[in-house]
S.K.: 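My questions all concern the structure below.
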Amino acid sequence: MAENKGIMIIGEVSEGNLSSITTELLGCGRKLADELGQELSTVLIGSGLIDSAQESIAYGADKVYTVDDPLLADYLADSYVAVAEKVAKEVKPGIILLGQTSSGSDIAPRLAYRLETAATLDCINLEIDPDSKRLLQTKPVYGGNAQAVFVMETDPQIVTVRAKSMTPLEKDDSRKGEVVAIEAGIDPSAIKTKVLEKVKEEVEGVKLEDATVVVTGGRGIGGDEGFKQLEELSKLLKGALGATRPACDNGWMPEKSQVGLTGKIVTPDLYIAVGVSGASQHMAGCSGAKTIVAINKDPEANIFKMAHYGIVGDWKKVFPAFRDKIKALVS
Ligand SMILES: Cc1cc2nc3c(=O)[nH]c(=O)nc-3n(C[C@H](O)[C@H](O)[C@H](O)COP(=O)(O)OP(=O)(O)OC[C@H]3O[C@@H](n4cnc5c(N)ncnc54)[C@H](O)[C@@H]3O)c2cc1C
């Protein structure tokens, strides 16, 4: 354990650029590395990575390990985990950070198993314990109703970090760093899966995960007509429209709008929940919002335990006045 040193980020590249979660991890990783007086590195796995390597340095990395191979053009757990394991065994970092994304949450536990350590998924805050110098890993538990701090006894300490919970540094193209190429060394026969097709999600307006304002409707909205009123408000606030699982299951909203444990995780500045009971599985997807406003006719609804502002009433009566007031404020 004593020989493991430094912080390593397993970065993600999308269409030739670092993904926003990777720049956020670099912002957080830089702070942790400075506190420990250790090196911050990024591992980039894929094909055609040179621009992203420089971008990593501009966002705070001291060193970038690139594993560039046409076999790695598409994310596949078989190949990416094998490469991450190889690099981690060579570099021996004390901490490995990944994004809480579909690939990050796929790689982290598999990598932890291979490195005989543990992984904590979906952290929202990371700090160094001043005495032990171990990583204090804060994550929401019980569907976002509480937060717990974890400390790992083994190295490397592997964590995934929720999008938008960390802040990237200003990009500084004058920063200098080292780029080290590592051979992938993959045995093609070890790759058991292949990508058959990629379908790009069509998004009109702001993407739900990127929106700073999200207006979400639940079963209490009663049908797709009601969602048109919510959409009007979300457009007014330049936000995105979300839904609970019953609203999607009923076909009032597309499945891609579902917020929650089995839907999308959103971390907007403002989350307006209308006719939403606030079940833990739903709150797991929105408890990272800075401000939650709820409209619900049931004063005992769980959403009011989580909301910063609440209106008790039938949304059909309350909403028009609420929307008109916002309209007046933003115009
Ligand atoms: C494994 C698992 C995963 C799940 N994943 C998700 C997930 O990802 N996302 C998700 O959302 N759910 C998920 N669920 C379902 C979750 O448990 C809840 O059932 C769901 O979130 C409830 O949705 P709701 O709030 O729209 O409906 P309800 O719980 O039925 O609540 C409707 C609310 O609307 C209010 N209301 C009714 N009429 C009005 C009105 N006229 N004006 C104002 N308020 C009104 C009611 O008081 C009530 O509070 C999951 C469940 C399981 C078991």
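In each ligand, atom 1 is the first atom listed, and ligand 1 is the first ligand listed. Values reported hereafter were calculated over all heavy atoms of this structure, with side chains retained and with hydrogens, waters and symmetry mates removed.
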S.K.: State if G313 counts as touching ligand 1 under the rule of any non-hydrogen atom under 4.0 Å.
M.R.: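 True for this residue.
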S.K.: List ligand 1 atoms under 4.0 Å from G218, heavy atoms only on the residue side.
M.R.: 26 (O)
S.K.: Within a distance under 4.0 Å of any heavy atom of V259, pick out the atoms of ligand 1 and give their elements.
M.R.: 7 (C), 8 (O), 9 (N), 10 (C), 11 (O)
S.K.: So, T23 versus S20: side-chain donor-acceptor pair below 3.5 Å or not?
M.R.: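 On atom types as modelled, these side chains do not qualify, holding no pair under 3.5 Å.
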S.K.: Quick one: which ligand 1 atoms are inside 4.0 Å of a heavy atom on A279?
M.R.: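 Heavy-atom distances to A279 below 4.0 Å select 16 (C), 17 (O), 18 (C), 21 (O).
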S.K.: For residues L241 and L208, report the shortest heavy-atom separation together with the two atoms involved.
M.R.: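 Here L241 and L208 meet closest at O-CD1, 3.7 Å.
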S.K.: Using heavy atoms and a threshold below 4.0 Å, how should the contact between V274 and ligand 1 be classified: side chain, backbone, both, or neither?
M.R.: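 Near ligand 1, V274 shows nothing, with every heavy atom at 4.0 Å or more.
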S.K.: Do we see a donor-acceptor contact under 3.5 Å between the side chains of S174 and D172?
M.R.: yes
S.K.: Does the protein place a non-hydrogen atom closer than 4.0 angstrom to atom 42 (N) of ligand 1?
M.R.: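 There is a protein heavy atom less than 4.0 Å from atom 42 (N) of ligand 1.
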S.K.: For atom 37 (C) of ligand 1, what is the nearest protein heavy atom, given as residue, atom name and distance?
M.R.: G220 CA, 3.4 Å
S.K.: Provide the number and element of each atom of ligand 1 under 4.0 Å from a heavy atom of G263.
M.R.: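 So the answer, numbered in order with elements, is 8 (O).
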S.K.: For atom 24 (P) of ligand 1, which candidate among I303, V312, N250, T244 provides the closest heavy atom?
M.R.: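 When every heavy atom of I303, V312, N250, T244 is considered, T244 comes closest to atom 24 (P) of ligand 1.
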S.K.: Using a strict cut-off of 4.0 Å, indicate which atoms of ligand 1 neighbour a heavy atom of D314.
M.R.: 40 (C), 41 (N), 42 (N)
S.K.: Between A284 and I265, what is the shortest heavy-atom contact and its length?
M.R.: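 Closest approach of A284 to I265: O-CG1, 4.3 Å.
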S.K.: Is any side-chain heavy atom of E39 closer than 4.5 Å to one of I7?
M.R.: no
S.K.: Once you restrict to heavy atoms under 4.0 Å, what part of Q258 touches ligand 1? Side chain, backbone, both or neither.
M.R.: side chain
S.K.: Looking just at side-chain N and O atoms, do E15 and N17 make a donor-acceptor pair shorter than 3.5 Å?
M.R.: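 No, no side-chain donor-acceptor pair sits under 3.5 Å.
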S.K.: Nearest to atom 40 (C) of ligand 1, what protein heavy atom do you find, and at what distance?
M.R.: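 Answer for atom 40 (C) of ligand 1: W315 CD1, 3.5 Å.
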S.K.: Name the closest protein heavy atom to atom 3 (C) of ligand 1, giving the residue it belongs to and the distance to 0.1 Å.
M.R.: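 The closest heavy atom on the protein side is R245 NH1, 3.4 Å.
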S.K.: Could you tell me whether a side-chain N or O of K264 sits under 3.5 Å from a main-chain N or O of K256, the two making a donor and an acceptor?
M.R.: yes
S.K.: For L261, take its heavy atoms, then give the atoms of ligand 1 lying under 4.0 Å from any of them.
M.R.: 7 (C), 8 (O)
S.K.: If you take all heavy atoms of G60 and R175, which pair is closest and at what distance?
M.R.: C-NH1, 3.2 Å
S.K.: Nearest non-hydrogen contact with atom 51 (C) of ligand 1 belongs to which option: Q281, K316, H282, R219?
M.R.: Q281
S.K.: Does either side chain, that of Y75 or that of D106, offer a donor lying less than 3.5 Å from an acceptor on the other one?
M.R.: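 A pair is found: one side chain offers a donor N or O, the other an acceptor, under 3.5 Å apart.
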S.K.: Could you tell me which atoms of ligand 1, counted from 1 in the order shown, lie closer than 4.0 angstrom to a heavy atom of G275?
M.R.: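 By the 4.0 Å cutoff, the relevant atoms are 32 (C), 33 (C), 34 (O), 44 (N).
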S.K.: Counting non-hydrogen protein atoms only, what is the nearest one to atom 45 (C) of ligand 1? Give residue, atom name and distance.
M.R.: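 Protein heavy atom with the smallest distance to atom 45 (C) of ligand 1: K297 CG, 3.7 Å.
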S.K.: Side chains of Y271 and T216: is there a donor and an acceptor less than 3.5 Å apart?
M.R.: yes
S.K.: Which option wins on minimum heavy-atom distance to atom 35 (C) of ligand 1: N296, N302, I265?
M.R.: N296
S.K.: For the residue pair T22 and E12, confirm or rule out a side-chain donor-acceptor distance under 3.5 Å.
M.R.: no
S.K.: At what distance is the nearest protein heavy atom to atom 5 (N) of ligand 1, and which residue and atom is it?
M.R.: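 Sorting protein heavy atoms by distance from atom 5 (N) of ligand 1 puts T262 OG1, 2.6 Å first.
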S.K.: Once you measure the plane-to-plane angle for F322 and F319, does it fall in the parallel (<30°), tilted (30-60°) or perpendicular (>60°) bin?
M.R.: tilted
S.K.: So which of S277, P299, P246, C248 gets nearest to atom 20 (C) of ligand 1, if we judge by its closest heavy atom?
M.R.: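 Closest candidate by heavy-atom distance is P246.
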